[in-house]
Amino acid sequence: MSFPATASPHASLLHPEVGSRAAARPRLTRSSRCLASLAPVPPPPPHENANHLVQTLCANGRLARAAALLQGIPAPTQRTYESVLLAAARAGDAALAAAVHRRLEADPVFRSDPFLSTRLIDAYAALGELPAARQVFDEAPVRSIFVWNALLKALALADHGEEALARLADMGRLRVPVDSYSYAHGLKACIAASASHAPASALVREIHAHAVRRGYGLHTHVATTLIDCYAKLGIVSYAERVFATMPERNVVSWTAMIGCYAKNERPGDAILLFQEMMASDEDLVPNSITIVSILHACAGVNALGQGKLLHAYILRRGFDSLVSVMNALMAMYMKCGCLESGKHIFNSIGHRKDVVSWNTLISGYGMHGLGHEAVQVFEDMTHMGVSPSIITFISVLGACSHAGLVDEGKRLFESMVDYNVRPRTEHYACMVDLLGRAGHLDEAVELIQGMHITPSPQVWGSLLGACRIHRHVEYAEMACSQLFDLEPRNAGNYVLLADIYARAKLHSQVDVLRDLLEVHELEKVPGRSWIEVKKKLHMFVSVDNKNPQVEELQALIGEFVTQMKNDGYVPDTGVVMYDIEEEEKEKILLGHSEKLAVAFGLINTGRGEVLRISKNLRLCEDCHSVTKFISKFTEREIIVRDVNRFHHFRDGVCSCGDYW
DNA sequence: TTAGGGTTAG
């Protein structure tokens, strides 16, 4: 639209400098202000023009041209330097950042500017150039708090926890006032510290104590970061304490605490806290991250009813436009046993699917023992040009393992190199599991011995698990000789080996292991099972003498067992490690949490209703046999998700085909 | 100028 400036009745307002007297200027009306913005602006001097051009080129991603121009400008502005640095970081162009650095050093106006030192450190950090970021800091003539904080952030990003802590200490010594940003970065650095000599928890506690001394312990951002740190370290009680003492909480802090429970295998508490948040007077509205976390928690305890309520909320609030939310929703349905609903969500995402969506579908099929379908989804994904990730291969190899697809798994493992995904220990663990479960133990051991990287505890753990299935004492001892070194406090390894010895009738060795457990005060992770009845979640713990309902539930299971014994069933007491009478062992078996959850479901639901149970450990053989029987005897469909996969019991048969 | 929470696997 062209504008006839001279014909305007407000001509004198458009060019006030041409008007009569500034003091007599009438007040601008709304329409005249609009007109003023359209007025021609005098051309800027040439150097301003050049600065503007560089900034525009950066915004449009034309970095080579911007870089060339920057070198020739006589007086770049602060804004121009900033634009090029941000663009270099965005484009992953370290050479460009270095070029700006050199230009800046030759600039007498800005070479001491702390703002640009901050931006330079940020850019180098984002580009993974920690030495260069350090150099900028070391040579910075003026170190404002922003420059210090940028360095801490750079160190955190590069997993240099101890160095970040040392810098924080420097700040104290040099009397640089530490602020909330410094603490937040310092805390993150501790968690990310992989090469650190000190345990991350000690570092976090040190910074925590420091923050408290300086009066920052209750600052919202610092406290939220603390909650997340303790969550990642698995120290839930500390996170709870921080959360409880926060004077001000917002969604982010509630979400961090919910996430803490979800991450630390306390999904039930995550859901309770979410309900508390919704009921609180603080006018808190869950956002997409809260929803994703809580969906994850629902999946963890099979809380399908809660999950469906969230689904409705997602649709009502328009969160279905976010792929991350839909991925979490899909995962929730599939982990709660509703494969069809999960597939429906997957399809509804349409062209917005990302690699996580595909991975979720693949692992969903895997969990349900549908290996061929999982492999097919993998093929579809790659045909559509989606690059498989590290997790894609873990998922699809896991699916092959659950379904016993040895040749398919081997083919996929070998194809990883074609997709530029280098096999990691996780993939080897999947392969050892796949080969081992299928009884190819020699091949599994050969694979471990030929690994180009050090086998992780998961790799040896897969071998040990396979040895338990196939009763192979020698390889089990080989795996444990490594595992006892690598994970001396993991009671599960001792228990598995004891089980293998017990079944091989090597009782003296069982005694040795039991003593070891006692001496080192190691405890088995108690078995827990969850069942949702009428949208309320119920948890059962194995061998729970405190719950008054347990006796009634055990009695019911006992009746089924009596029936089964008539058909020749013998309780599988091999899983009970205690040195007690056979009868006592049978009683312990009756108290397994999964059986209690089944009995509770039978009593409290209507005839024909499907029972959905989840469990924190692998299903034991005895529970598997008993559940098969109950499904037939009571004509009930029972879906149990153990730590690895689904077992779909119907009419006395399990979908895993007794292969798990 | 800067900062805090999330999804897929084993």
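Within every chain, numbering begins at 1; the chains are lettered A, B, ... in the order of the sequence lines, protein sequences first and strands thereafter.
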Rounded to the Å, how far apart are A:Arg641 CZ and B:dA9 P?
10 Å
Would you classify A:Thr290 as touching base, sugar-phosphate or nothing, given that sugar-phosphate means primed atoms plus P, OP1 and OP2, and contacts are heavy atoms under 4.0 Å?
base
Does A:His427 reach a base, just sugar-phosphate, or nothing at all? Heavy atoms under 4.0 Å.
nothing
Could you label the plane-to-plane angle of the A:His311 and A:Tyr333 rings as parallel, tilted or perpendicular, counting under 30° as parallel and over 60° as perpendicular?
perpendicular
Below the 4.0 Å mark, does B:dT8 have OP1 or OP2 next to a side-chain nitrogen or oxygen of A:His296?
yes
Would you mind telling me which of B:dG5, B:dG10, B:dT1 lies closest to the side-chain atoms of A:Thr118?
B:dT1
What is the separation between atom OH on A:Tyr428 and atom C1' on B:dG10, rounded to the nearest whole Å?
16 Å
The side chain of A:Val252 is closest to which nucleotide in this list: B:dA3, B:dG5, B:dT7?
B:dG5
Can you label the angle between the A:Phe378 ring and the A:Tyr419 ring as parallel, tilted or perpendicular, going by 30° and 60°?
perpendicular
Using OP1 and OP2 only, check whether a side-chain N or O of A:Lys153 sits under 4.0 Å from B:dA3.
yes
Could you tell me how far apart A:Arg119 (CZ) and B:dT2 (C1') are, to the nearest whole angstrom?
8 Å
Between the base of B:dG5 and the side chain of A:Asn287, is there a donor-acceptor distance below 3.5 Å?
yes
Mind calculating the distance between CG (A:Leu187) and C1' (B:dG5) to the nearest angstrom?
15 Å
Quick note, A:Asp228 side chain, CB onward, closest among B:dG6, B:dA9, B:dA3 is B:dG6
Verify the stacking flag for A:Trp358 against B:dT8: centroid separation must be under 5.5 angstrom and the ring planes must differ by under 30 degrees.
no
With respect to the side chain of A:Tyr181, which nucleotide from B:dT2, B:dG4, B:dA9 is positioned closest?
B:dT2
Can you tell which of B:dG5, B:dG10, B:dT1 lies closest to the side chain of A:Ser144?
B:dT1
Round to a whole Å and report the spacing from CG of A:Leu218 to P of B:dA3.
23 Å
Rounded to whole angstrom units, what separation is found between the NZ atom of A:Lys263 and the P atom of B:dT8?
11 Å
Expressed in angstrom and rounded to an integer, what is the separation of A:Phe413 atom CZ from B:dA9 atom P?
20 Å
Any side-chain heavy atom of A:Phe413 sitting closer than 4.5 Å to one from A:Pro423?
yes
B:dG6, B:dA3, B:dT2: which one has an atom nearest the side-chain heavy atoms of A:Ser288?
B:dG6
Candidate nucleotides B:dT7, B:dT2, B:dG6, ranked by approach to the side chain of A:Ser324 - the nearest
B:dG6
Between A:Ile227 (CD1) and B:dG6 (P), how many Å, whole number?
12 Å
Assign A:Val323 to base, sugar-phosphate, or nothing according to its heavy-atom contacts below 4.0 angstrom with the strands shown.
nothing
Those residues that, when tested against A:Phe319, pass ring-ring contact (aromatic ring centres under 6.0 Å, His included) (two or more places apart):
none
Suppose we call a contact any N or O donor and acceptor under 3.5 Å apart; does that hold for the side chain of A:Glu426 and the base of B:dG10?
yes
Please tell me if A:Lys188 has a side-chain N or O lying less than 4.0 Å from either OP1 or OP2 of B:dG5.
yes
Check this one for me: any side-chain N or O of A:Ser363 less than 4.0 Å away from OP1 or OP2 of B:dA9?
yes
Check every strand shown and say whether A:Asp433 touches a base, only sugar-phosphate, or nothing at a heavy-atom separation below 4.0 Å.
nothing
Sugar-phosphate, base or nothing in reach of A:Ser395, heavy atoms under 4.0 Å
sugar-phosphate
Determine the contact category for A:Ser357: base if any of its heavy atoms lies under 4.0 Å from a base atom, sugar-phosphate if only primed atoms, P, OP1 or OP2 are that close, otherwise nothing.
nothing
For the side chain of A:Thr360, counting heavy atoms from C-beta on, which of B:dT2, B:dG5, B:dT8 is nearest?
B:dT8
A:His221: what forms a ring-ring contact (aromatic ring centres under 6.0 Å, His included) with it, not counting sequence neighbours?
A:His219
Reckon A:Lys335 has a side-chain N or O less than 4.0 Å from the OP1 or OP2 of B:dT8?
yes
So which nucleotide from B:dA3, B:dG10, B:dG5 ends up closest to the side chain of A:Ala184?
B:dA3
Within 45° of the ring axis of A:Tyr81 and under 6.0 Å from its six-membered ring centre, is that where the NZ or CZ of A:Arg119 lies?
no
Under 4.0 Å between a side-chain nitrogen and a carboxylate oxygen: does that hold for A:Asp138 and A:Arg167?
yes
Taking B:dG10, B:dG5, B:dT2 as options, the one with an atom nearest any side-chain atom of A:Ile394 is B:dG10
